[in-house]
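Positions are given from 1 along the sequence. Computed from a predicted model, the values in this text were never measured in an experiment. As a basis for the values below, the full set of heavy atoms in this structure was taken, side chains included, without hydrogen atoms, waters or symmetry mates.
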Amino acid sequence: MNDDVRKTIYATLIIFIFGVLVWVSFIFVNACGFTLTCKQGNLLVERTPMPTLVPATFPVVQPGNSVAVGAGQCRVAATDLLGAWVASGASETEAFEFTDINSLNCEATFTDVKPLFVDANLWYAGSRSCVSCHFTDLTTAAAQLDLSNYAGVTSGSRRVDAGSTGKDILGGGNWESSLLLNFISSNHDVPGHITSVPELVIFAGTPLTPVP
Ligand code: HEC
């Protein structure tokens with residue numbers, strides 16, 4: 001064997017080993033970057049983005065549980081409260097009377113009624129608020145109905161503009177035949193509407209005679 005052949009063999013070997021080193025470093029840097037503590041091969045640690053002790057959802061409202069709506073001490077089905085308010089003439093400020101589920105005589109005002117339109121997560125767990133669709137801007141509000149305040153609720157639906165009144169949703173004082181009860185008790189295939197009257201009981205109003 002002469003020197004030339006030997007040189008060629010050595011050169012080939014060196015180039016080969018060098019090539020392998022470059023290739024391995026390329027893969028390493030590609031995956032790990034310039035670090036000596038690459039953890040790419042380690043198993044992933046599954047972590048929730050928030051501490052697990054923080055509840056991930058709002059408190060779930062179970063039908064039959066009472067929800068604190070007004071700061072009252074009387075407990076009443078939400079639809080019965082609305083009904084009593086409508087039957088009494090749907091006043092903005094005057095108190096109206098109702099009988100609560102424990103047969104207490106109670107009174108409430110529109111302040112106790114309003115959260116039923118304005119609060120989300122109230123009629124059932126995760127429910128949208130009525131005002132998320134029925135808001136003040138009548139040009140885009142669903143059914144041109146504004147449930148965000150007293151004037152809106154009593155001005156009705158399908159209104160042409162802010163100054164006009166539309167279709168009375170309070171049944172002219174007759175709750176049972178009102179559009180409001182009708183749309184609360186059936187979803188009418190409207191996304192966001194309630195499927196059936198949930199047995200939602202809320203805290204609202206105050207007892208007329210102090211509780212013994
Ligand atoms: C996701 C949006 C959305 C939410 C939330 C929503 N609505 Fe509606 N609502 C609509 C739409 C859209 C219509 C019109 C349906 C139609 O044209 O038949 C409607 C119609 C109505 C009507 C009838 C108006 C009419 O003239 O026909 C009433 C009353 C009503 N909603 C009350 C409520 C109440 C009360 C709530 C809350 C408990 C509520 N809506 C929540 C979208 C919504």
Check I184, L170, I169 against L179 for a side-chain contact (heavy atoms from CB on, under 4.5 Å) and give me the one that passes.
-> I169
Measure the CH2-OG distance between W175 and S88 for me, rounded to the nearest 0.5 Å.
-> 12.0 Å
Quick check: does any side chain N or O of D100 sit under 3.5 Å from a backbone N or O of S103, one acting as donor and the other as acceptor?
-> yes
Within 6.0 Å of CD in E92, more than 12 heavy atoms from elsewhere = yes
Exam field: side chain D80 to backbone G83, donor-acceptor pair closer than 3.5 Å | no
Mind checking whether F117 and F135 sit in one hydrophobic cluster, side chains of I, L, V, M, F, W, Y counted as touching below 4.5 Å?
-> no
Verify, without hydrogens or angle tests, whether S164 (side chain) and V160 (backbone) share a donor-acceptor contact under 3.5 angstrom.
-> yes
Please report the closest heavy-atom contact between N149 and G152, naming both atoms and the distance.
-> OD1-N, 2.7 Å
Taking all atoms of both residues into account, what is the closest heavy-atom pair of H134 and A142, and its distance?
-> ND1-O, 2.8 Å
If two hydrophobic side chains count as joined below 4.5 Å and joins carry through other members, does L145 share a cluster with L138?
-> no
Give the minimum heavy-atom separation between K114 and S148, together with the two atoms involved.
-> CE-O, 3.3 Å
Take T206 and E107 through the test side-chain contact (heavy atoms from CB on, under 4.5 Å) and record every step on the way to the result.
-> CA-CA 6 Å; T206 42; E107 67 171 14; 4.1 Å; yes
Quick one: CZ on F34 to CZ on F28, what's the gap to the nearest 0.5 Å?
-> 10.5 Å
Can you tell if the side chain of I202 reaches within under 4.5 Å of the side chain of V76, non-hydrogen atoms only?
-> yes
Look only at the side chain of R159 and the backbone of A162, and say whether a donor-acceptor pair between them is shorter than 3.5 Å.
-> yes
Decide side-chain contact (heavy atoms from CB on, under 4.5 Å) for T99 and L104; before the verdict, give the C-alpha distance in whole Å, the side-chain angles of both, and the deciding distance to 0.1 Å.
-> CA-CA 6 Å; T99 312; L104 281 176; over 6 Å; no
Looking at CG of L208 and SG of C74, how far apart are the two atoms once the value is rounded to the nearest 0.5 Å?
-> 7.5 Å
Partner of W85 under side-chain contact (heavy atoms from CB on, under 4.5 Å), picked from T109, L116, V153, is V153
CG-CG distance between L200 and L81, expressed to the nearest 0.5 angstrom = 10.5 Å
Between S186 (side chain) and N182 (backbone), is there a donor-acceptor pair under 3.5 Å?
-> no
Side chain to side chain donor-acceptor pair (under 3.5 Å) against D137, all qualifying residues, sequence neighbours excluded | T139, T140
Tightest non-hydrogen contact, residues S177 and G171, listed as OG-O, 4.4 Å
Rounded to the nearest 0.5 Å, the OH atom of Y10 sits from the CG atom of L13 at a distance of 8.5 Å
Should E97 and N105 be marked as a side-chain contact (heavy atoms from CB on, under 4.5 Å) after you check the CA-CA gap, both sets of side-chain angles, and the distance that decides it?
-> CA-CA 7 Å; E97 295 185 16; N105 288 325; 5.7 Å; no
Taking it one step at a time, do F98 and D112 satisfy side-chain contact (heavy atoms from CB on, under 4.5 Å)?
-> CA-CA 12 Å; F98 63 94; D112 296 278; over 6 Å; no
H193 NE2 to C130 SG distance, which is reported to the nearest 0.5 Å = 7.5 Å
